[in-house]
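Below is one structure; the comments refer to it alone.
Positions are given from 1 along the sequence.
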Amino acid sequence: MNGFLGKQFGELLQKQLGAFSWRQARLEGVSDKMITARLRSGRIQRVYRGAYVNFTGAVPWETRIWAAWLAYGPDAALGGETALRRYGLDGDWAAEPVWLDLPHHRRVRRQPGIVIRRCRDLDGRLLGSREPPIVRLEVALLTVASRRPNGDAALAMVLDACRQRLTTPRRLLAELDQLRNLPRREAIVQVLRDAGAGVESWLELVYLERVERAHGLPVATRQALGPLGGTTIRRDCRYDPYGVIVEVDGRIGHADVASQWRDMARDNAAAVDAQVTLRFGYQLTGDPCAAAAQVAAVLTYRGWPGRPTRCSPTCPVGPVRAEGPGSSITRNGRLTLPGGSVEG
């Protein structure tokens, strides 16, 4: 279109990555007839009703979101999964549809490839003066998480964003103060409080809720710092008075050989310091009681004076005795656990 547009419009196209609206073209003096002629000749293409790009072929995602925003005017904003993708949050965010937030009072014709969400106080949810406008990461994250098909997926998404250091539990809790009617709000508030205490992943939350709390185990220090070979490392859970460490390993961060060697070095260093390390993975979600029995047995062996509790009438976890007939510790000093044993 540069053959009939001025320099100013060319700069606008550059800023909008080739996208332009019908209204912008008319302000430049371009008639409907001229737009139609260029559509027919293939020099431009329509992406959405009232929004075009000045090139042919595939439309990159960044240009597409400009076109979607231009199709609905200056008071729209990128929201939902589109905002999360633009912020760079890890996740399977599809390029289409484009999610847009609009002021609650607006009534618009919907278009294929664009999902419209109307909300109150949209201006108060925007990030600065970005173009195209975009809601704050915390707003997008909480609204998308609240729409997840199950509560576990919602809580996992919130924790994952904190783990990626794109936001913090404090900022999300502050945002929740303004989102009083958000679905699953109370559950999200609780998991964010746990995140503020050091829970960084979904599996760590499972361990906290279904193993530690549900079975009356002592409270661990989370993300506990400690030395290793001149560097500082973090332990997922450390029961300091008893020299017991619990590491919760998902696939991410522990699957490659280098990570496995790193974990071995950490466990060996703990053993040198007379600390016991227990590692758990996704079996926590299927059998948290078995993990609780193991942790309780090791804690008791290391001097914990408490007793584990059953999480339900069918829970196999029961009080662990440190000595005597039927004890979990035999005469030769081996601590018998479900699925194995530990030397005393």
Side-chain angles (χ1 to χ4, degrees), residues 150-156 158-159 169 184 186-224 234-250 254 263 266-267 270 274-330 334-344:
N150 63 72
D152 286 355
L155 302 182
V158 172
L159 279 174
R184 300 195 179 96
E186 293 307 313
I188 294 174
V189 167
Q190 182 58 55
V191 78
L192 286 172
R193 288 173 179 163
D194 292 336
V199 174
E200 289 195 341
S201 72
W202 169 241
L203 277 182
E204 289 178 31
L205 180 65
V206 171
Y207 179 82
L208 171 64
E209 291 187 342
R210 303 181 192 176
V211 177
E212 189 176 280
R213 285 178 178 165
H215 296 92
L217 301 180
V219 177
T221 300
R222 287 175 159 76
Q223 308 308 321
R234 290 191 300 173
R235 307 287 192 179
D236 291 338
C237 304
R238 194 173 67 198
Y239 297 92
D240 290 319
Y242 314 111
V244 176
I245 295 169
V246 171
E247 298 283 5
V248 183
D249 303 342
H254 299 271
D263 292 342
R266 289 157 61 100
D267 293 350
Q275 298 181 89
V276 176
T277 301
L278 298 176
R279 287 189 175 272
F280 300 102
Y282 286 101
Q283 76 269 29
L284 286 176
T285 61
D287 196 359
C289 297
Q294 292 184 342
V295 176
V298 175
L299 286 170
T300 300
Y301 181 57
R302 304 288 294 223
W304 177 45
R307 294 291 184 265
T309 57
R310 290 183 171 89
C311 65
S312 70
T314 59
C315 176
V317 174
V320 179
R321 290 186 297 170
E323 295 180 359
S327 167
S328 61
I329 304 174
T330 65
R334 291 177 63 84
L335 172 62
T336 302
L337 303 175
S341 61
V342 173
E343 294 286 350

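Closest approach of Leu208 and Val199 over heavy atoms only: CD2-CG2, 3.7 Å. What you find for Tyr239 and Val219 is that their closest heavy atoms are CE2-C, 4.1 Å. Taking every heavy atom of both residues into account, Asp194 and Arg213 meet most closely at OD1-NH2, 2.7 Å. Nearest approach of Asp236 to Val246, heavy atoms of both residues: CB-O, 3.5 Å. Closest non-hydrogen pair, Leu217 versus Ala296, comes out as CD2-CB, 3.8 Å. Contact record, Ala293 with Val317: N-CG2, 3.9 Å, taken as the closest heavy-atom pair.
Not one N or O on the side chain of Arg235 forms a donor-acceptor pair closer than 3.5 Å with the backbone of Ala224.
Note that CG of Asp249 is 8.5 Å distant from CG of Leu203, once rounded to the nearest 0.5 Å. Expressed to the nearest 0.5 Å, how far OH of Tyr207 lies from CG of Leu284 amounts to 8.5 Å. Of the inter-residue distances, the one linking Cys289 atom SG with His215 atom NE2 reads 3.5 Å to the nearest 0.5 angstrom. Interatomic distance, Arg307 CZ to Thr300 OG1, rounded to the nearest 0.5 Å: 6.0 Å. One finds the CG atom of Asp152 at 8.5 Å from the CG atom of Leu205 (value rounded to the nearest 0.5 Å). Note that CD of Gln275 and OG1 of Thr277 are 7.0 Å apart. Values are rounded to the nearest 0.5 Å.
Neither side chain, Glu209 nor Gln190, offers a donor N or O lying under 3.5 Å from an acceptor on the other.
Counting only heavy atoms from C-beta outward, the side chains of Cys237 and Ile245 never approach each other to under 4.5 Å. In this structure, the side chains of Val211 and Pro288 come closer than 4.5 Å at one or more pairs of heavy atoms. Taking 4.5 Å as the limit, some side-chain heavy atom of Leu192 sits within range of a side-chain heavy atom of Ile188.
Of the candidates Glu204, Glu200, Glu212, Glu212 is the only one forming a salt bridge (charged side-chain N to carboxylate O under 4.0 Å, His left out) with Arg222.
Ion pairing between a basic and an acidic side chain is recognised when a charged N comes within 4.0 Å of a carboxylate O; Arg234 and Glu247 show no such pairing.
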TODO: Evaluate salt bridge (Lys or Arg N to Asp or Glu O under 4.0 Å) for Arg302 paired with Asp240, printing each intermediate quantity in order.
DONE: CA-CA 11 Å; Arg302 304 288 294 223; Asp240 290 319; over 6 Å; no
